[in-house]
Amino acid sequence: AQSVAQPEDQVNVAEGNPLTVKCTYSVSGNPYLFWYVQYPNRGLQFLLKYITGDNLVKGSYGFEAEFNKSQTSFHLKKPSALVSDSALYFCAVEAGGGNKLTFGTGTQLKVEL
Amino acid sequence: NAGVMQNPRHLVRRRGQEARLRCSPMKGHSHVYWYRQLPEEGLKFMVYLQKENIIDESGMPKERFSAEFPKEGPSILRIQQVVRGDSAAYFCASSPPQGRTYNEQFFGPGTRLTVL
């Protein structure tokens, strides 16, 4: 069975500072990893994915994530946070080619002035 | 290209009634997925469908829930005899057929079901 852990319910960052939202996963086989963002009362928006290739993946809105196989992690990062980045972030994994995403419980990011 | 459409956006039902949730995938997408988000939780996979076929329904409750994706028209998630525990946000996602590159799923805005 595949699983995702987002150890932090909430992350607070000052605008202009770098941010990291943590994600670790557990799968048998090669993982496909994703980050999505959810704004209040909205659906999920795709940010980025890791399928294969370079461990550092760049995505939308200046976000990036680093795949670390030895630590089974896929942390989301951004060099300089914006207040508008405040939202709920979900990490997800898919393995085995079944197209079934398993999501973490989400991390609420709050960026303050 | 319109995104994934879901309607209604909000649905209120009394216990024992039926709820029908509709999802129109993005143009060119033949794969549809349904997820449920309970309050304060992440999304849980329910069912994966292609046109006229259920591919994986391992996340569907055994009773009262059903899904279809007919040859013509939207995908429907149907909940019979709703109970308060069915109150949640139901999200639909779609993707094109998986080919050489893995295609991510695009999500709709969700239907928020409230059972009184």
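Reminder, nothing fancy here: chain letters follow the sequence lines and each chain counts from 1.
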**Student:** Got a sec, which pairs hit disulfide bond (SG atoms under 2.5 Å apart) with one end in residues 14-46 of chain B, sequence neighbours left out?
**Tutor:** B/Cys23-B/Cys92
**Student:** Applying disulfide bond (SG atoms under 2.5 Å apart), which residue pairs with at least one partner in residues 59-91 of chain A are found, sequence neighbours left out?
**Tutor:** A/Cys23-A/Cys91
**Student:** Check for me whether the distance between the ring centres of B/Phe107 and A/Phe90 falls short of 6.0 Å.
**Tutor:** no
**Student:** Can you say whether B/Gln6 sits under 4.5 Å from chain A via the side chain, the backbone, both, or neither, judging by heavy atoms?
**Tutor:** neither
**Student:** May I ask you to check if A/Lys49 and A/Phe34 form a cation-pi contact, with NZ or CZ under 6.0 angstrom from the six-membered ring centre and within 45° of the axis?
**Tutor:** no
**Student:** So if I apply the side-chain contact (heavy atoms from CB on, under 4.5 Å) rule between B/Arg15 and each of B/Leu116, B/Val82, B/Val115, which one comes out positive?
**Tutor:** B/Val115
**Student:** Testing the basics here: between B/Arg20 and B/Pro8, what is the closest heavy-atom pair and its distance to 0.1 Å?
**Tutor:** O-CD, 4.0 Å
**Student:** Can you list everything that forms a side chain to side chain donor-acceptor pair (under 3.5 Å) with A/Asn12? Sequence neighbours excluded, please.
**Tutor:** A/Gln10
**Student:** Side chain from CB out, backbone as N, CA, C, O: work out which of these in A/Gln38 comes under 4.5 Å of a heavy atom of chain B, or both, or neither.
**Tutor:** side chain
**Student:** Of the backbone (N, CA, C, O) and the side chain (C-beta and beyond), which part of A/Ile51 lies under 4.5 Å from a heavy atom of chain B, both, or neither?
**Tutor:** side chain
**Student:** Which of residues 105-113 of chain A get closer than 4.5 angstrom to chain B, counting heavy atoms alone?
**Tutor:** A/Thr105
